[in-house]
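Throughout, residue positions are numbered sequentially from 1 according to the sequence presented. Because the structure is a prediction, the values reported are computed rather than measured.
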Amino acid sequence: MNKLVKSIASFLVGLLAFVVVGVAVTEALAPYVWPSLMLGVPAGLVAGAVALPLTYLGLTYWSERRETGQASEKTRRRLRTLAGATVGFVGGGGLAVAVVWTQAVGLASAMLFAGFPVGVLSAVVVGYLAYRSGPGDQPQQASTAH
């Protein structure tokens with residue numbers, strides 16, 4: 001699969017994720033937050049920004065495995081790092097929003113002032129740990145044949 005096809009497919013998936021998540025968050029929060037669009041658009045942007053490279057790397061992984069039987073270490077590491085960073089962002093940011101929201105803070109403020117910064121920090125940490133956890137990073141054992 002060539003780069004142009006992967007790029008177009010990734011763009012379309014990212015755009016679809018932006019629209020679906022943006023509309024879903026806006027509609028879900030409409031009874032609770034006014035204007036809920038101010039939370040739906042950033043949530044959609046984050047979803048689209050994650051879906052685009054995740055789709056591209058997933059298609060690269062799939063095409064390399066189909067052509068050679070195994071994806072390259074570089075592709076596996078990139079995919080692992082992005083997946084780890086995504087889990088870190090959603091987990092850390094979601095936990096921060098849940099904790100701050102239990103205080104006398106509105107949902108929008110909790111998302112913008114606690115969820116996003118904590119999510120970015122946890123994405124960096126978990127992404128780095130995922131990057132370093134690959135099988136290619138293990139030190140080679142010296143053979144001690146006597």
Same cluster for [X] and [Y] if Ile/Leu/Val/Met/Phe/Trp/Tyr side chains link at under 4.5 Å?
X: Trp101; Y: Leu29; value: yes
X: Val21; Y: Tyr32; value: yes
X: Leu52; Y: Leu82; value: no
X: Val41; Y: Val19; value: yes

Quick one: [atom1] on [X] to [atom2] on [Y], what's the gap to the nearest 0.5 Å?
X: Lys6; Y: Leu57; atom1: NZ; atom2: CG; answer: 9.0 Å
X: Thr60; Y: Arg76; atom1: OG1; atom2: CZ; answer: 14.0 Å
X: Arg78; Y: Tyr61; atom1: CZ; atom2: OH; answer: 15.5 Å
X: Leu37; Y: Glu27; atom1: CG; atom2: CD; answer: 10.0 Å
X: Leu59; Y: Ser7; atom1: CG; atom2: OG; answer: 9.5 Å

Between [X] and [Y], what is the shortest heavy-atom contact and its length?
X: Val97; Y: Ala110; result: CG2-O, 3.7 Å
X: Ala130; Y: Thr81; result: CB-CA, 4.2 Å
X: Phe18; Y: Leu45; result: CD1-N, 3.5 Å
X: Ala43; Y: Val25; result: CB-CG2, 3.9 Å
X: Ala96; Y: Ala114; result: CB-O, 3.8 Å
X: Val126; Y: Gly84; result: CG1-O, 3.0 Å

Using the side chain to side chain donor-acceptor pair (under 3.5 Å) rule, take Tyr131 and Arg77 through it: C-alpha gap first, then chi angles, then the decisive distance, then the call.
CA-CA 6 Å; Tyr131 175 81; Arg77 180 177 292 215; 3.3 Å; yes

Do you know which of Pro42, Pro35, Ser36 makes side chain to side chain contact (heavy atoms under 4.5 Å, CB included) with Met38?
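Checked Pro42, Pro35, Ser36 against Met38; only one passes side chain to side chain contact (heavy atoms under 4.5 Å, CB included): Pro35.
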
Phe113 versus Val100: any side-chain heavy-atom pair under 4.5 Å?
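Not touching, per the 4.5 Å side-chain cut-off.
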
Can you name the side chain to side chain donor-acceptor pair (under 3.5 Å) partners of Thr75, sequence neighbours left out?
Glu64, Ser72

Looking only at atom types and distance, does a side-chain atom of Ser122 sit under 3.5 Å from a main-chain N or O of Gly119, one as donor and one as acceptor?
yes

